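Below: one structure, written as C-alpha cells.
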Amino acid sequence: MAEASAAGTLYPVPVSQFMPKRNDSDGLSISQCGISSITVASTTAKGKRDCLAEFPASAATDRGLTVEARPTERDPGHAVIPEMNYAAYNDPDTKSIIDEHAMALSKASKIAWPIEDNAAPET
Amino acid sequence: MSTMSMQNTLSGSASAVTPISRTRGAPPNALATSASDDASLWYDACERMLEWRSNPDQFAPDDQPLIEILDTAIDYAVDERNVGGPAPTIIIPSGDGRVAFEWHGRRSTMIIEFTGRGRANYTKFADGRVIEKGLLIRNPENRMMELGG
C-alpha cells in the first residue's frame, strides 16, 4: 500500500514501524480513533509531533490479535496489542509470526497525519 | 481522513520516512530499470543518512539511529551502489537506534534492519508470509555483508 506524503510522493507505510520496540514490552502501542484525537495520537509522550498511520481494528482482530485498552493521562484512547510485544519479537520461535503481523498491519494502513493539505508544522 | 470508531490509529516514527521510490507497488526489480537511477537513489540514501548522522537531534531520543549502525547502513548503501543493486523503497530509523531499508514490491517485500556494527537482520516476505530470514554479518576481509548466524 502506498499513500501520499506531505510532499505528494507515494510511498508504502513502513513495515518496520509496526515491529515492537524496546518500550513495547507489554505490546505494540496504538491509539483508538474513536477516543483519541489525531493531534494526541500523533504526538509522542515527549511532545514531538510524529507521523500517524491508521488501520482498521479488524486488520488486527481478524488475525487473532487483541486490542487492550490502556488509557493514559495524555491519551485516553491508548491501547496495546499485547501479542506483539518486544520479547516475542526477539524470540526466534515467534519472531516470524510477529513479522507477519507487522506486515499485515502495514498493508492495511494509510497515513492519517500528516496528509497533503495538512503539512507537518515546525516542531 | 477517516476517524471511524471501529478504526484504531497507530502512532509511529514514520515522520522520518525517507521515500526514495516513486512508484506505487513497484516490484523490487522494477527499481532497477536504470542503473543510473538506482545509483542516484543510493546516493540520496547516503546523503540522507549522513545528514541524520550529523544532526541526530532531529529525532526523538528513542528514534535516534546509533552512529555505528548508521555507519554500517551507509557502508552497505555504498557497496550496493557500487555493484548496481536495486535501491530500497524506503530507508527509515526503525527505533532502538536501528535503521531499516525496505524494498516493497507488488507481492513481495524485503527488509534489512541494521542492528549493530556490521550486523543486520534480513527478512523477505511473499504474499504476507516470511519466506526467508537470516542474520547478515560484515565479513572483515572483504567488507561485504554476508549471511551468517
Side-chain angles (χ1 to χ4, degrees), chain A residues 1-2 5 7 9-19 21-23 28-38 41-44 46 48-60 67 75 77 79 95-97 99-100 103-107 109-115 118 120, chain B residues 1-26 58-63 88-105 108-113 121 123-133 135 149:
Chain A
M1 170 174 287
S5 74
T9 307
L10 293 173
Y11 60 94
V13 178
V15 182
S16 52
Q17 296 304 300
F18 293 83
M19 293 172 177
K21 308 298 185 292
R22 203 169 281 136
N23 59 4
L28 192 69
S29 282
I30 60 172
S31 296
Q32 298 172 87
C33 261
I35 305 172
S36 306
S37 68
I38 292 289
S42 62
T43 304
T44 68
K46 291 174 177 143
K48 188 175 175 65
R49 199 81 195 264
D50 215 340
C51 188
L52 186 71
E54 181 182 61
F55 62 87
S58 59
V67 177
D75 183 2
K95 183 178 185 306
S96 290
I97 297 169
D99 284 337
E100 290 175 3
M103 170 62 73
L105 296 183
S106 164
K107 292 284 186 195
S109 290
K110 62 179 183 177
I111 298 294
W113 190 91
I115 55 175
N118 184 19
Chain B
M1 181 185 328
S2 172
T3 53
M4 292 170 59
S5 62
M6 283 304 291
Q7 290 190 320
N8 292 331
T9 57
L10 183 143
S11 174
S13 57
S15 58
V17 165
T18 302
I20 59 172
S21 179
R22 58 278 158 188
T23 54
R24 179 190 291 266
Q58 66 189 287
F59 301 107
D62 293 343
D63 294 328
T89 316
I90 291 171
I91 60 170
I92 187 170
S94 52
D96 296 340
R98 301 176 172 191
V99 174
F101 291 4
E102 298 189 9
W103 289 258
H104 287 263
S108 66
T109 299
M110 188 172 83
I111 300 173
I112 293 179
E113 185 179 42
N121 290 325
T123 310
K124 187 171 182 183
F125 301 80
D127 294 326
R129 305 296 302 269
V130 174
I131 58 168
E132 284 180 44
K133 61 180 179 177
L135 178 65

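Just so it is clear: chains get the letters A, B, ... in the order the sequence lines come, proteins before strands, and each one is counted from 1. Everything quoted here is computed from the prediction, not taken from an experiment.
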query = Which heavy-atom pair separates B/P93 from A/Q17 by the least distance, and what is that distance?
reply = O-NE2, 3.2 Å
key: Side chain proximity check, B/D63 to A/D50, heavy atoms < 4.5 angstrom   = yes
Check: B/S94 and A/M19 side chains under 4.5 Å, non-hydrogen atoms = no
request  = Check the pair B/E113 / A/S16 against side chain to side chain donor-acceptor pair (under 3.5 Å), numbers first and verdict last.
outcome  = CA-CA 8 Å; B/E113 185 179 42; A/S16 52; 5.9 Å; no
Test side-chain hydrogen bond (donor to acceptor under 3.5 Å, both in side chains) applied to A/R22 - qualifying residues, sequence neighbours left out = none
note = Rounded to the nearest 0.5 Å, the NZ atom of A/K95 sits from the OG1 atom of B/T123 at a distance of 4.0 Å
request  = Give, for atom OG of A/S106 and atom CD of B/E102, the distance between the pair rounded to the nearest 0.5 Å.
outcome  = 7.0 Å
request  = Rounded to the nearest 0.5 Å, what's the gap from CG on A/D99 to NZ on B/K124? Could you check?
outcome  = 15.0 Å
key: side-chain contact (heavy atoms from CB on, under 4.5 Å) involving A/A104 - partner list, sequence neighbours excluded   = A/R63
query = What distance separates A/C51 SG from B/I92 CD1, expressed to the nearest 0.5 Å?
reply = 8.0 Å
remark   = Between B/I90 and A/P14 the two heavy atoms that sit nearest each other are CD1-CG, 4.0 Å
query = Do you know the tightest heavy-atom contact between B/T109 and A/K107?
reply = OG1-NZ, 4.1 Å
ask   = When you measure from the side chain of A/E100 to the backbone N and O of B/V130, does any donor-acceptor pair fall under 3.5 Å?
value = yes
